[in-house]
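To start, the structure under review is shown below, and the notes come after it.
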Protein chains: 4
Amino acid sequence: MVQESGRGRPRSESARASVLHAVDDLLVEVGYAALTMKGIAERAGVGRQTVYRWWSNKAEVLYEASVIDARQELAVSLTGVPRDDLRAYLDALTGFLAHSHAGAAYRALLGEAQHDEDVAALLASGDVLGESAAAVVAPLLEAGGGDLSPEQATALLIGPVFFHILSGRGPESVDTKKQVEQFLRALAAD
Amino acid sequence: MVQESGRGRPRSESARASVLHAVDDLLVEVGYAALTMKGIAERAGVGRQTVYRWWSNKAEVLYEASVIDARQELAVSLTGVPRDDLRAYLDALTGFLAHSHAGAAYRALLGEAQHDEDVAALLASGDVLGESAAAVVAPLLEAGGGDLSPEQATALLIGPVFFHILSGRGPESVDTKKQVEQFLRALAAD
Amino acid sequence: MVQESGRGRPRSESARASVLHAVDDLLVEVGYAALTMKGIAERAGVGRQTVYRWWSNKAEVLYEASVIDARQELAVSLTGVPRDDLRAYLDALTGFLAHSHAGAAYRALLGEAQHDEDVAALLASGDVLGESAAAVVAPLLEAGGGDLSPEQATALLIGPVFFHILSGRGPESVDTKKQVEQFLRALAAD
Amino acid sequence: MVQESGRGRPRSESARASVLHAVDDLLVEVGYAALTMKGIAERAGVGRQTVYRWWSNKAEVLYEASVIDARQELAVSLTGVPRDDLRAYLDALTGFLAHSHAGAAYRALLGEAQHDEDVAALLASGDVLGESAAAVVAPLLEAGGGDLSPEQATALLIGPVFFHILSGRGPESVDTKKQVEQFLRALAAD
DNA sequence: TACTAAACGAGACGGTACGTCGGGTCTTTCC
DNA sequence: GGAAAGACCCGACGTACCGTCTCGTTTAGTA
């Protein structure tokens, strides 16, 4: 993923874009399981070696292809009203995990990370969920009391939705309004 | 997975046991990614067709091999004291997800379920986490007030730990004692 | 292929007939290569073991199923006029090898015999071609002169047609009339 | 079986040679029936796909591996003396069919051709027997009279030996000297 | 009328080859 | 020296058939 300057032909930006675009399309069309390096290369109209040169496996390609979208979808413009901000964030999170392309990519990668430490490291390198939650949670912790660490607060906020969707319960039964109240109450005296 | 009918040679119980044993061993030895139907059959000293005859894929074998252990590890003997029971359950859950063989199998399956709906259906067919939590949560809901559905209470209890570990944050930063308090507070006035 | 008398259930004649019938049908429908012991048993509505009990491989079944037809098709009613009898025999031989079901079975078995000595022994045990030719050739050898052995005369008579058809030249280019003349001339002073 | 085009890695000549060598060895060692594409690839130290890429089945590999030897073994250096040339050819033919490796391959292929039209077409594409005989027969037909077609003369010459050996009568009873006389006499007034 | 014994159908068993697919690498030519 | 092309070796896929082995059932003797 490093690019050297100097001698030789420079990296083809069009090839890079083709690959990222291809992996995005393919994830939707065939799903993660049927996503292959060979298939990506063919769909992108690119040599196989070119894919391997810049990414070591399909997880890396997929990560690079989806992380920007993921960040955007999880970014909430803060109003300063805790209830509103939390609610907006949980809605965004639910939509991301349950319905978005980037979210599907994230879930696939997180699944792979359970038994592939390379993928786990990749995901840890850019903690999309944690960082997005921190933006909402940090102001509250600074302002309010509670002795919760930011990490714990994040887990408390994200956890229930995260579990709901990843365990296959579906997003319908997620009640973000009620969860905001629970979160605030749990936080309160802590 | 049951079969009955007088005719024909009956299913070999020893073959079944060999396969389940083999998949258990192999998960530990080579990991989920390198687990193959071929490898399972060879390790079990069994024909490949015999494996395919009773299980459609490695996820099914693994599920059958680990679900009983999983249930045992997550079963908590209730004392009737909410704080103690909840604490015991969260400790068991943390240990299961982070350190147990059966837990590793569960995490692998849950990962696969994110992009394979057959596996998702398989996991949904026996909701190990949900059921084990219900045993602890149900008494509280009956006793106490709150308008939380059992499902929501379960997600509230399990979610934070679940997120912590599956997102790669590690079990060290899980503080079950504090989480019990949060849970009880969130539940309280609801 | 032997049938013992005595205790126990006697061999089922209907099973035997079903198998022979099935192999006949299947040869025509799917060809020799796709003929399998399993397929025969299923088509005959018979247990696999029953087939194996009485025949050791598909060649044996096929041989038993076709040898009688073969003998019939190659039997020529002699008139005593050499030219007519030889002509009739060569016509029968051509038809047998090129167009008949039994002939297709024979060619398949002969092919297998080239690399399977069990099948070679099976074919040698009942030399359908040789015997049928002998019936036509023997009278000539007794009557006429020539120091040809019956075997050599048989080869001389059958050989050209046999080669023509088995080497894939097709039966159209077989001129039995001319071959009779050649045969008689070659035989003449020998 | 030819491939050309600048792009891409060119076909490995060493892989091709290994495969042809392997199939030759294996035919002798295990026989045609036990010859498998898998076995060929493994023996040649070559990927299975590489074998399938250039040959569709074991018959094609075997054909390519043996056809050159076959042609050599059946080539007779003509003296111009019919009796000598015919005799030499029949001796070569007998040796080829009965004792040579290439001949064993030919018989196996011819057997397969009886029930596999792909193999039949393959054999027909290079009529080793017909062409070799034509070289000996053509001069006679041009010189002498007779209204025999080259095809018929070929069948007349080859047929008896061919039948003798393929029908399992063995090469001992082949009397090439006598057969030359028969052939010449049959040819004579025709 | 039992009992015994073998053949019967069904179908699971351990094996192994099938032909295909993807993995990751290597070797060309072209840019 | 990057890139497209495509052949290379490897090994898992899921299927088919091999020949064998249990099962419960049926059909004869023989006792």
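Just so we're on the same page: letters track the sequence lines, and every chain starts at 1.
Contacts of residues 21-43 of chain B with DNA chain E (heavy atom under 4.0 Å): none.
Taking atom OH of B:Y52 as the reference point, atom P of F:dA16 lies 13 Å away to the nearest angstrom. Atom CD in B:E60 sits about 12 Å away from atom P in F:dG14, given to the nearest Å. Taking atom CZ on A:R16 and atom P on F:dG2, their separation rounds to 17 Å, with Å as the unit. Following rounding to the nearest Å, B:W54 (CH2) and F:dG14 (P) show an atom-to-atom distance of 18 Å. For C:K58 and F:dG19, the NZ to P distance is 10 Å, given to the nearest whole Å. Between A:W55 atom CH2 and E:dG24 atom C1' the separation is 17 Å, expressed in whole Å. Here the P atom of nucleotide E:dA10 and the CZ atom of C:R53 are 14 Å apart, to the nearest Å. Distance, C:N57 CG to F:dC17 C1': 14 Å, rounded to whole Å.
Closest approach to the A:A15 side chain among F:dC17, F:dA4, F:dC9 is made by F:dA4 (side chain taken as heavy atoms from C-beta onward). Here F:dC9 is the nucleotide among F:dC9, E:dA12, F:dG2 with the atom lying nearest to any side-chain atom of D:T50. Closest to the side chain of A:R48, from the set E:dT27, F:dG14, F:dC8, is F:dC8. For A:Q49, the side-chain atoms get nearest to E:dT27 when compared with the rest of E:dT27, F:dC13, E:dA7.
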Anything under 3.5 Å between a protein N or O and an N or O of nucleotides 25-27 of chain F, put it in a table, one pair a line.
| residue | atom | partner | partner atom | Å |
| --- | --- | --- | --- | --- |
| F:dT26 | O2 | C:R9 | NH1 | 3.0 |

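The distance from atom CH2 of B:W54 to atom CG of B:L20, rounded to the nearest 0.5 Å, is 13.0 Å. Annotation: the span from B:I68 atom CD1 to B:Y63 atom OH amounts to 10.0 Å, rounded to 0.5 Å. Here D:K38 contributes atom NZ and D:R48 contributes atom CZ; the two are 6.0 Å apart, rounded to the nearest 0.5 Å.
In the helix from E:dT1-F:dA31 to E:dC31-F:dG1, the rotation axis of the first five pairs and that of the last five pairs differ in direction by 10°, rounded to 10 degrees.
Remark: the backbone N or O of B:M37 is not paired with any side-chain donor or acceptor of B:K58 at under 3.5 angstrom.
When the side-chain hydrogen bond (donor to acceptor under 3.5 Å, both in side chains) test is applied to B:S100, the partners found at least two apart in sequence or on another chain are B:E73. Partners of B:A113 under the side-chain contact (heavy atoms from CB on, under 4.5 Å) rule, at least two apart in sequence or in another chain, are B:V119, B:A120, B:L123. A:A70 meets the side-chain contact (heavy atoms from CB on, under 4.5 Å) test with A:F96, A:A102, A:V128; sequence neighbours excluded. Under the rule for a side-chain hydrogen bond (donor to acceptor under 3.5 Å, both in side chains), the partners of C:Y32 that lie at least two apart in sequence or sit in another chain are C:E112. Partners of A:S56 by side-chain hydrogen bond (donor to acceptor under 3.5 Å, both in side chains), not counting sequence neighbours, listed by chain and number: A:E60. Shown here are the side-chain hydrogen bond (donor to acceptor under 3.5 Å, both in side chains) partners of B:S167, two or more places apart in sequence or in another chain: B:R169. For B:S12, the side-chain contact (heavy atoms from CB on, under 4.5 Å) criterion is met by B:S14, B:A15, not counting sequence neighbours.
Legend: side chain to side chain donor-acceptor pair (under 3.5 Å) pairs involving residues 16-29 of chain B, not counting sequence neighbours, sorted by first then second residue: B:E13-B:R16, B:R16-B:E64, B:E29-B:R43.
Taking for each of D:A44 and A:S12 the nucleotide of DNA chain F with the nearest heavy atom, the 5'-most of the two is the partner of A:S12. Looking at which nucleotide of DNA chain E each of B:V46 and A:S56 is closest to, the 5′-most match is held by B:V46.
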